[in-house]
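The analysis underlying the following values was restricted to heavy atoms, covering all of them including side chains, and did not include hydrogens, waters or symmetry mates. In what follows, every chain begins at residue 1, and chains take the letters A, B, ... in the order their sequences are listed. The structure displayed is predicted, hence computed values, not measured ones.
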Amino acid sequence: MEYNHRTVEQKWQKYWQKEQIFKTQEENTKPKYYVLDMFPYPSGAGLHVGHPLGYIASDIVARYKRQKGFNVLHPMGYDAYGLPAEQYAIQTGQHPAITTEQNIQRYRKQLDLLGLSYDWSREVRTCNPDYYKWTQWTFVQLFNSFYCYDANKALPIADLISAFEAGAAKDLNVACGKKMDFSDEDWKKFTPKEKSDILMNYRLAYLSDTVVNWCPALGTVLANDEIINGVSVRGGYPVERKSMKQWSLRITAYAERLLEGLNRIDWTESIKEIQRNWIGKSKGATLFFPLENGSKLEIFTTRADTLFGVTFMVVCPEHNIIKDITTEEHRLEVEKYVQWAKNRSERERLAEVKTVTGVFTGSYAVHPLNGERIPIWVADYVLAGYGSGAIMAVPAHDSRDFAFARRFNLPVKQVVVPTDEQEEDTSLWQESKDSREGTIVNSDLISGLQVKDAIDSIIKYIEDKKIGYGTVNYRLRDAIFSRQRYWGEPFPVYYENDIPKIINELPLLLPPIETYLPTETGEPPLARAKNWNYKGFPYDHNTMPGFAGSNAYYLRYEDPHNENYLVSKEANQYWQNVDLYIGGSEHATGHLLYSRFITKFLFDLGQCCKDEPFAKLINQGMIQGRSNFVYRIKGENKFVSFNLKSNYQTDALHVDINLVENDILNIEAFKNWREEFKYAEFILEDGKYICGWEVEKMSKSLYNVQNPDMLVERYGADTLRLYEMFLGPLEQSKPWDTQGIEGVSRFIRKLWRLYHRDGEFSVSEQLPSKAEFTALHKAIKKVEEDIEKFSFNTSVSTFMVCVNELTELKCNKREILEPLSILISAFAPHIAEELWCLLGHSTSITYADFPKYDSTYLEQTVFNYPVSINGKTRAFIELDLHLSQSDVEKIVLADAMVQKFIDNRMVKRFIFVPKRIINIVV
RNA sequence: GCAUCUGUGGCGGAAUUGGUAGACGCGCCAGACUCAAAAUCUGGUGAGCUUUAAACUCGUGCCGGUUCGAUUCCGGCCAGAUGUACCA
């Protein structure tokens, strides 16, 4: 009987579900292992073959670790809040919860087909009230906390109030929006509203007027990581800058810890580097340049060493000093420029990076060290959001300042001579010399120093003179946390006399509304909710952004039904953090950063015992589509086969890959595909129509989406699982190619036949031969090593080699086939379970012990020992060696062997070079 | 521009981490079974030279270095992928 994947796979999926084989409980006798997939957003399109890649990999690890004696937590859930469901709701009026539910059902069905060993009893959905209760709760904790740099952790806001009551406001070393200074007396006199506003300056979740990224097309605000090149990631709509009252999270308070934590986690260098750049730490100095009107201009620089090269200063168009310093004769021009810069969209700004614009204010600053007059300009190449929005321009050593100086004929003064160069006439320069290695010149007290020493020494000098101080600056901005949408978590906040107050009875449910659009007055959709208020006070009408629900979801899986805590201490003590996290790299600056931030915050609160959420991260590569093309002769309804197309003028048309097999077009199916092709003619080669192909993104519009359901139906889940792993290294992007799946399918049938004779199940109780043992133990050793290294592709090859060898040996011995079944069960669980059952076991293979390899069977009778003769030619001496012998033993044996050569006068002498090599001089 | 990663047959990719490069699979070629096809099985398959075989030579993006020995380590280029960018 040939292997029938349909009946076998169904049978075992039902069995696993009925017997709750994958249900996990805390078990203190076993070590824990937590392996997690990034939970998916259930979109309407369902899964394509790219999605399961990571799920299969994590499932292999989960199954392997169970057999290695670990208690494995392997849960799954849905990131169910999101824009597509809401937009669908706007179009159809259907509640997003309904669409979401349907999509989840479909996802679940597709996931079940793959035989993944999730513990579904722990499923979470971010849109369920008993889940988002904890998303809201986390927000409340952030609201009620501030960050103290002395304690280097978040503390209750009550501590801060006590400090204010004690008059310590100005001495606090805490994270805040702006430095404040008031006495205990002042604090007592403040109105409740004033107190509330002051505390907002310190809370980790705070309300403020912020310049935000407003996307008119989406009718909402977006976070920095939701925008690329001035347009929204979702939809590609233009984004404007606009000032609005918004909730933000003070992630900047954690900048240093987020940076430091990267050194303690096992993630790829590239993701860590992306996060480091995003946080963007730079050490430099804050300097105060006195102005001629008596006030001071604050600037930030990382190149304090070039202080003597300053020839002008630039402030950003938003800078509030502009109105005070602009002279009458320049006022009109400056105002015009500021207005122009303000109206320019983010996209225009980015598009015109190369064009230099700016105007002179008419005012001058005084150089704090040499007293020179320095003109102050306004230009939009200086950004409001970074540093103080003002710079000292050193055109000789900064390319942007250089471009500006050339454009407006400002002087360029060299103060650094790069290593291996001479001082030059700057008027001849084509570009600035930005190098940070070189010698300082023309700089009074620091001339002659190297750049690095000059920075240290000048900072020390300005600190002594009290004209500035060394500072650290981060590029990271606070995360804007409000969205003007419906389908998200409501803020547990109401407003009493314009003072935001927290609701402690959670969850605050998302109210039903009739239409999902913003109101006519531009209020968010939640403003439409009827009778939705807290004792007559209005609720906040914003909802939380997409990433809110995913920050701490991994903790909720540890204790998903706890009504009193996000996660109980006991459950968290046991499961701790995620040992292995698998998902795409597109979340590098979003989810993966926010989740680390919130984890650190919850750690400060004592809610979890680890301050990093994901100990090891693997980013699975994208599976690209392999598109097929047909070639239509221009102006005719005639198609020419791929290798003949050069004889004609043709257009390449995408053709649905489901109409093509091994690049051969199914002509009948093609004719029926679309009305216009019904009477098409074909020019064939060898009686076939051959299609062209190309690797592209997998997308519906390119007709190259490979649906896993069809492949499961045809080849079975085990084959698909093995094939997805066999495709190549997990972390690499690769094109989907259905052709190769045949090879894996053959392997599955071969494996089945190994346990059968003449169609009947048949195993022998005889003792296996040495060769049979060797084939098995080689595979055990290799597969174990491969899984530990996450190179699943080579494991599949190993299985194939092993089964080929055993087939050749006609091996059907129980002692070989039993461990082989276990070995293969992580990759192909259904067939393994069936064979396990046929072998007479009544319990699931899931909890069988992973076989141990025995090195005595890995013996090699002939060991090729490399030898260099006269330091040139390489030869090999065949030695009778054993792999389990140490290098020292091998060398001793080799030594004896070579001695024979000497005795036979074949060589004069020999020398041992490093551990394995023998150098012979003839 | 900057950062990270990757360059091996017709294709996807292996290589005990410095030791016989090309495992395994696809594709292709030949053969067996068959009236025939499908399925299945067996053998071959980096390039060059040679009538064939053996043997030999060349071969891991390019140039150089370290080494008895380099796909692997180091330096410099070239190409591609991804991320990011007026961040002072």
Side-chain angles (χ1 to χ4, degrees), chain A residues 2 228-229 268-278 280-282 284-285 299-304 306 314 316 349-350 352-356 379-383 385-394 397-401 403-404 434 473-477 585-586 588-589 619 621-622 624 662-663 693 722-723 726-729 731-744 746-747 749-750 753 781-782 785 791 793-802 804 807 858 864-876 883 911 913-921:
Chain A
E2 272 291 292
I228 291 178
N229 294 328
T268 61
E269 206 41 51
S270 95
I271 293 273
K272 290 205 233 181
E273 204 54 38
I274 289 170
Q275 291 210 346
R276 282 190 197 109
N277 291 339
W278 192 260
K281 180 179 183 173
S282 49
I299 62 106
F300 172 76
T301 181
T302 56
R303 293 296 301 270
T306 61
V314 185
C316 65
R349 278 186 43 140
L350 288 169
E352 295 164 22
V353 165
K354 296 282 178 310
T355 8
V356 189
D380 72 349
Y381 82 89
V382 173
L383 304 177
Y386 185 77
S388 59
I391 61 154
M392 61 175 211
V394 185
H397 306 295
D398 183 284
S399 53
R400 294 152 306 181
D401 296 344
F404 196 82
D434 296 5
N473 223 315
Y474 297 94
R475 201 183 77 104
L476 185 70
R477 307 290 156 78
S585 57
E586 66 272 20
T589 53
N619 302 112
M622 279 231 293
Q624 295 140 308
N662 292 352
D663 289 334
W693 60 274
L722 282 163
Y723 185 55
F726 186 61
L727 226 40
E731 308 196 52
Q732 213 164 286
S733 286
K734 55 229 158 192
W736 177 260
D737 173 11
T738 305
Q739 284 184 42
I741 203 170
E742 290 288 349
V744 178
R746 263 192 279 271
F747 160 75
R749 295 194 297 257
K750 224 170 181 174
R753 257 179 269 131
K781 182 166 191 275
K782 187 74 168 55
E785 283 169 3
S791 18
N793 53 331
T794 50
S795 313
V796 180
S797 300
T798 306
F799 293 139
M800 291 178 173
V801 173
C802 179
N804 283 346
T807 303
L858 302 176
N864 290 328
Y865 221 82
V867 174
S868 290
I869 298 170
N870 280 349
K872 281 279 177 214
T873 318
R874 189 168 59 200
F876 289 86
L883 267 191
I911 315 145
V913 201
K915 26 175 206 186
R916 295 181 63 179
I917 167 75
I918 307 153
N919 200 9
I920 300 176
V921 180

Value in whole Å for how far the [atom2] atom of [N] lies from [atom1] of [X]:
| X | N | atom1 | atom2 | value |
| --- | --- | --- | --- | --- |
| E785(A) | A23(B) | CD | P | 20 Å |
| D434(A) | A88(B) | CG | P | 11 Å |
| I271(A) | A81(B) | CD1 | P | 19 Å |
| E273(A) | A81(B) | CD | C1' | 17 Å |
| M800(A) | G25(B) | CE | P | 6 Å |
| W278(A) | U4(B) | CH2 | P | 19 Å |
| Q739(A) | C11(B) | CD | C1' | 9 Å |
| F404(A) | C86(B) | CZ | P | 17 Å |

For nucleotides 12-14 of chain B, tabulate all protein N/O to nucleotide N/O atom pairs closer than 3.5 Å, reporting atom names and distance.
{"unit_1": "G12(B)", "atom_1": "O2'", "unit_2": "L727(A)", "atom_2": "O", "d": "2.4"}
{"unit_1": "G13(B)", "atom_1": "OP1", "unit_2": "Q732(A)", "atom_2": "NE2", "d": "3.0"}
{"unit_1": "G13(B)", "atom_1": "O3'", "unit_2": "N793(A)", "atom_2": "ND2", "d": "3.3"}
{"unit_1": "A14(B)", "atom_1": "OP1", "unit_2": "N793(A)", "atom_2": "ND2", "d": "3.0"}

How far, in whole Å, is [M] from [N] if one measures between their [atom1] atoms?
| N | M | atom1 | value |
| --- | --- | --- | --- |
| U45(B) | U52(B) | P | 15 Å |
| A21(B) | G46(B) | P | 14 Å |
| C62(B) | A3(B) | P | 25 Å |
| G83(B) | A88(B) | C1' | 23 Å |
| G75(B) | G80(B) | P | 23 Å |
| U72(B) | G7(B) | P | 11 Å |
| A32(B) | A39(B) | C1' | 14 Å |
| U8(B) | C63(B) | P | 16 Å |

Base, sugar-phosphate or nothing for [X]? Non-hydrogen atoms, less than 4.0 Å.
| X | answer |
| --- | --- |
| D401(A) | nothing |
| I274(A) | sugar-phosphate |
| R303(A) | sugar-phosphate |

Between G389(A) and I741(A), which is nearer to the 5' end of RNA chain B once each is assigned its nearest nucleotide?
->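 Result of the comparison: I741(A).
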Nearest nucleotide by nearest heavy atom, which residue falls closer to the 5' end of RNA chain B, G743(A) or E269(A)?
->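 This one resolves to E269(A).
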salt_bridge(E273(A), R276(A)) N-O dist < 4.0 Å |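 Here E273(A) pairs with R276(A) in a salt bridge, since their nearest N and O are under 4.0 Å apart.
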Would E742(A) and R746(A) pass as an ion pair if we require N to O under 4.0 Å?
-> no
With the side chain of [X] defined as its heavy atoms from C-beta on, choose the nearest nucleotide among [options].
| X | options | result |
| --- | --- | --- |
| S270(A) | C24(B), U4(B), A85(B) | U4(B) |
| Y381(A) | A3(B), C24(B), C86(B) | C86(B) |
| D380(A) | C86(B), A88(B), A85(B) | C86(B) |

Once you round to the nearest 0.5 Å, how far does OG of S270(A) lie from CD of Q275(A)?
->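 Here the interatomic distance stands at 10.5 Å.
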Atom CD1 in I274(A), atom OG1 in T268(A): separation rounded to 0.5 Å?
->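 Those atoms lie 7.5 Å apart.
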Less than 4.5 Å apart, side chain to side chain, heavy atoms only: is that true for [X] and [Y]?
| X | Y | value |
| --- | --- | --- |
| D401(A) | Y381(A) | yes |
| I391(A) | D398(A) | no |
| L727(A) | W736(A) | yes |
| V394(A) | R303(A) | no |
| W278(A) | R477(A) | no |

Contact under 4.0 Å: N804(A) side-chain N or O vs G25(B) OP1/OP2 = yes
Identify the heavy atoms of I271(A) and S585(A) that sit nearest to each other, and give their distance.
-> CD1-CB, 3.7 Å
Minimal non-hydrogen separation, Y386(A) against Y474(A), with atom names |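 Looking at all heavy atoms of both residues, the closest pair is CE1-O, 3.9 Å.
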So which protein N/O to nucleotides 40-42 of chain B N/O distances come out below 3.5 Å?
{"unit_1": "U40(B)", "atom_1": "OP1", "unit_2": "R749(A)", "atom_2": "NH2", "d": "2.5"}
{"unit_1": "U40(B)", "atom_1": "OP2", "unit_2": "R746(A)", "atom_2": "NH1", "d": "3.4"}

Apply side-chain contact (heavy atoms from CB on, under 4.5 Å) to E785(A) and T794(A), showing your working.
-> CA-CA 10 Å; E785(A) 283 169 3; T794(A) 50; over 6 Å; no
Might you work through the side-chain contact (heavy atoms from CB on, under 4.5 Å) test for K750(A) and N804(A), ending with a clear yes or no?
-> CA-CA 8 Å; K750(A) 224 170 181 174; N804(A) 283 346; 2.7 Å; yes
Can you check G7(B) for me, syn or anti if syn means within 90° of 0?
->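 Classified anti.
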Is the base of U57(B) syn or anti, if syn means a glycosidic angle within 90° of 0?
->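 Here U57(B) takes the anti form, which means its glycosidic angle is more than 90° from 0.
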Main-chain N/O of S282(A) paired to N473(A) side chain as donor or acceptor, under 3.5 Å = no
Name the stems with RNA chain B in them: runs of three or more consecutive Watson-Crick or G-U pairs, distances under 3.5 Å?
->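 As far as RNA chain B goes, consecutive pairing (with distances under 3.5 Å) yields the stems B:1-7 with B:78-84, B:10-12 with B:24-26, B:27-32 with B:40-45, B:46-48 with B:56-58, B:61-65 with B:73-77.
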